S.K.: 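Can you keep this structure in mind? I'll have questions shortly.
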Amino acid sequence: MRVVVAASARSAARVAADLVEEFITASPSPALGLATGETMEAPYAELVRRHREQGLSFAGARVYLLDEYVGLGRLDRRAYRNVVDRQLVRHVDLAPGAVHGPDPHAADLDTECARYEREVRDANIGLQLLGIGANGHIAFNEPGEPLDSTTRVVTLSRRTRADNARFFPHGRSPAQAITQGIATISAAARLVLLACGAHKAPAVARAVEGPVTAEVPASAIQLHPDVTVVLDPGASSRLTERVADP
């Protein structure tokens with residue numbers, strides 16, 4: 001595992017964007033796993049800037065979403081497919097049909113989860129972007145979920161719903177989501193986890209330096225052969241081993 005502590009959140013976003021750019025320019029048809037959340041807004045904005053100002057092309061790429069809420073309308077701006085479209089997809093040159101994700105409106109969600117699991121596995125994700133929740137979740141794999149989990153419908157924890165409540169009227173965030181499982185995520189060739197802010201520091205420390213345990217789903221990254229963790233000073237503040245700036 002490589003841990004990079006950048007000088008600031010803005011610098012950390014640039015480091016994450018560097019890794020994505022290196023990946024998509026090295027392959028004629030890269031399969032990129034995308035995460036959502038506030039942490040991803042800055043690296044996506046940086047990738048859009050590079051596309052507009054420096055000619056960075058996504059034309060041959062395919063992108064795959066980590067998760068999606070259950071219970072939102074197709075046009076709801078908080079649905080993760082729409083978030084990714086708004087922050088990245090509509091601003092770059094991804095081909096029509098290049099964005100893949102689970103369908104939370106499918107008549108049979110278990111069948112849809114199995115379908116998306118096969119699609120992600122067949123895609124052979126080359127680089128998977130990840131955030132981390134304050135309770136140590138990755139994607140929507142909550143504490144206590146098995147480390148060998150695959151794509152499935154999950155019930156979100158009170159902590160996760162409370163953290164996300166600010167995005168929803170009256171604080172009523174969805175109770176369920178479809179998420180790639182930890183085993184699904186771990187099948188990607190490379191993982192890049194980005195975390196910013198001191199409020200993420202306890203979860204980061206437990207994920208990077210604590211024991212591998214289902215109670216900290218993000219700790220599963222320790223078992224992966226190619227992981228880069230990109231942090232700002234606040235998110236790194238609980239680590240016992242300091243790492244030089246990039």
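All values derive from a computational prediction rather than experimental measurement.
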S.K.: Hey, does the side chain of S27 reach the backbone of I24 with a donor-acceptor pair shorter than 3.5 angstrom?
M.R.: no
S.K.: Testing the basics here: between P233 and A6, what is the closest heavy-atom pair and its distance to 0.1 Å?
M.R.: CD-O, 3.2 Å
S.K.: Hey, can you tell me if F58 and H51 have their rings parallel, tilted or perpendicular (30° and 60° cut-offs)?
M.R.: perpendicular
S.K.: Is the closest side-chain donor-acceptor distance between H137 and N135 under 3.5 Å?
M.R.: yes
S.K.: Under 4.5 Å between side-chain heavy atoms, hopping through other hydrophobics if needed: is there a path connecting I178 to F168?
M.R.: no
S.K.: Tell me whether E68 contacts the main-chain N or O of R81 through its side chain, where contact means a donor paired with an acceptor under 3.5 Å.
M.R.: yes
S.K.: Would you call E38 and R166 a salt bridge, taking side-chain N to carboxylate O under 4.0 Å as the test?
M.R.: yes
S.K.: List the atom of P30, the atom of G60, and the distance in Å for their closest heavy-atom pair.
M.R.: CD-O, 3.7 Å
S.K.: Going by heavy atoms in the side chains, are R115 and E112 under 4.5 Å from each other?
M.R.: yes
S.K.: Are V3 and V216 linked, directly or through intermediate hydrophobic residues, by side-chain heavy-atom contacts shorter than 4.5 Å (ILVMFWY only)?
M.R.: no
S.K.: Give a yes or no on whether the backbone of A207 and the side-chain of Q222 come within a donor-acceptor separation of less than 3.5 Å.
M.R.: yes
S.K.: Could you pull out the closest heavy-atom pair between D76 and L72, with the gap in Å?
M.R.: OD2-CD2, 3.8 Å
S.K.: Report the C-alpha separation of V92 and L47 in whole Å, then their side-chain angles, then the decisive distance to 0.1 Å, and conclude whether the side chain to side chain contact (heavy atoms under 4.5 Å, CB included) test is met.
M.R.: CA-CA 9 Å; V92 298; L47 290 168; 5.9 Å; no
S.K.: Would you list the atom pairs, donor with acceptor, under 3.5 Å between side chains in residues 13-21 and any protein atom, with sequence neighbours excluded?
M.R.:
unit_1	atom_1	unit_2	atom_2	d
D18	OD1	R50	NH1	2.9
D18	OD1	R50	NH2	2.8
E21	OE1	R50	NH1	2.7

S.K.: Taking N141 for the side chain and Q180 for the main chain, is one N or O donor matched with an acceptor at less than 3.5 Å?
M.R.: yes
S.K.: Would you call R74 and D103 a salt bridge, using N to O less than 4.0 angstrom?
M.R.: yes
S.K.: Measure the acute angle between the ring planes of Y80 and Y69, then classify it against the limits of 30° and 60° as parallel, tilted or perpendicular.
M.R.: tilted
S.K.: Please say which of I185, T184, I182 ends up in a side chain to side chain contact (heavy atoms under 4.5 Å, CB included) with S149.
M.R.: I182
S.K.: Given the rule in the side chain to side chain contact (heavy atoms under 4.5 Å, CB included) test, do I138 and L66 qualify, once you have shown the distances and angles that lead to the verdict?
M.R.: CA-CA 9 Å; I138 49 173; L66 270 178; over 6 Å; no
S.K.: Is there a side chain to side chain contact (heavy atoms under 4.5 Å, CB included) between V229 and R2? Walk through the geometry before answering.
M.R.: CA-CA 6 Å; V229 178; R2 177 183 178 221; over 6 Å; no
S.K.: Mind running side chain to side chain contact (heavy atoms under 4.5 Å, CB included) on V48 and E46 for me, showing each step along the way?
M.R.: CA-CA 5 Å; V48 170; E46 175 63 14; over 6 Å; no
S.K.: Would a 4.5 Å heavy-atom cut-off, applied to side chains only, mark L147 and V212 as touching?
M.R.: yes
S.K.: Check whether any side-chain heavy atom of V120 sits under 4.5 Å from a side-chain heavy atom of T151, and report yes or no.
M.R.: no
S.K.: Using atom types as modelled, flag every donor-acceptor pair under 3.5 Å from a side chain in residues 187-206 to any protein atom, sequence neighbours excluded.
M.R.:
unit_1	atom_1	unit_2	atom_2	d
R190	NH2	T228	OG1	3.0
K200	NZ	I132	O	2.8

S.K.: Can you see which heavy atom on A123 is nearest to which on A31, and at what distance?
M.R.: O-CB, 3.6 Å
S.K.: Look at the side chain of S236 and the backbone N and O of V5, then say whether any donor-acceptor pair between them is shorter than 3.5 Å.
M.R.: no
S.K.: Determine whether a donor-acceptor pair (N or O, by modelled atom type, separation under 3.5 Å) exists between the side chain of H100 and the backbone of V63.
M.R.: no
S.K.: Got a second to check how far I125's CD1 is from S186's OG, nearest 0.5 Å?
M.R.: 12.5 Å
S.K.: Within the 4.5 Å heavy-atom criterion, are Y44 and T36 side-chain neighbours or not?
M.R.: no
S.K.: Would you mind checking if R159 and D163 are paired as a salt bridge, meaning a charged N to carboxylate O distance below 4.0 Å?
M.R.: yes
S.K.: Would you please say whether a donor-acceptor pair under 3.5 Å links the side chains of S57 and D93?
M.R.: yes
S.K.: Do Y64 and R62 make a side-chain contact, defined as non-hydrogen atoms from C-beta onward lying under 4.5 Å apart?
M.R.: yes
S.K.: Side-chain contact, heavy-atom cut-off 4.5 Å: Q176 with L156?
M.R.: no
S.K.: Say you draw a straight line from CG of L94 to CZ of R90; how long is it, rounded to the nearest 0.5 Å?
M.R.: 13.0 Å
S.K.: For T160 and S157: C-alpha separation, side-chain torsions, deciding distance, then whether side chain to side chain donor-acceptor pair (under 3.5 Å) applies.
M.R.: CA-CA 5 Å; T160 296; S157 70; 3.1 Å; yes
S.K.: Output yes when a side-chain donor or acceptor of E117 lies under 3.5 Å from a complementary backbone atom of T150, and no otherwise.
M.R.: no
S.K.: With sequence neighbours excluded, give me every salt bridge (charged side-chain N to carboxylate O under 4.0 Å, His left out) pair touching residues 208-217.
M.R.: none
S.K.: Can any side-chain N or O of H91 pair as donor or acceptor with the backbone N or O of R86 at less than 3.5 Å?
M.R.: yes
S.K.: Are V153 and C113 side-chain neighbours, meaning at least one heavy-atom pair lies under 4.5 Å?
M.R.: yes
S.K.: Quick check against the 3.5 Å criterion: does S219 have a side-chain atom that pairs as donor or acceptor with the backbone of T213?
M.R.: yes
S.K.: When you look at CZ of R49, are more than 12 heavy atoms from neighbouring residues, nucleotides or ligands closer to it than 6.0 Å?
M.R.: yes
S.K.: Atom CZ of residue position R77 - does it have more than 12 heavy atoms of other residues, nucleotides or ligands inside 6.0 Å?
M.R.: no
S.K.: Is the closest side-chain heavy-atom distance between Y116 and L65 below 4.5 Å?
M.R.: yes
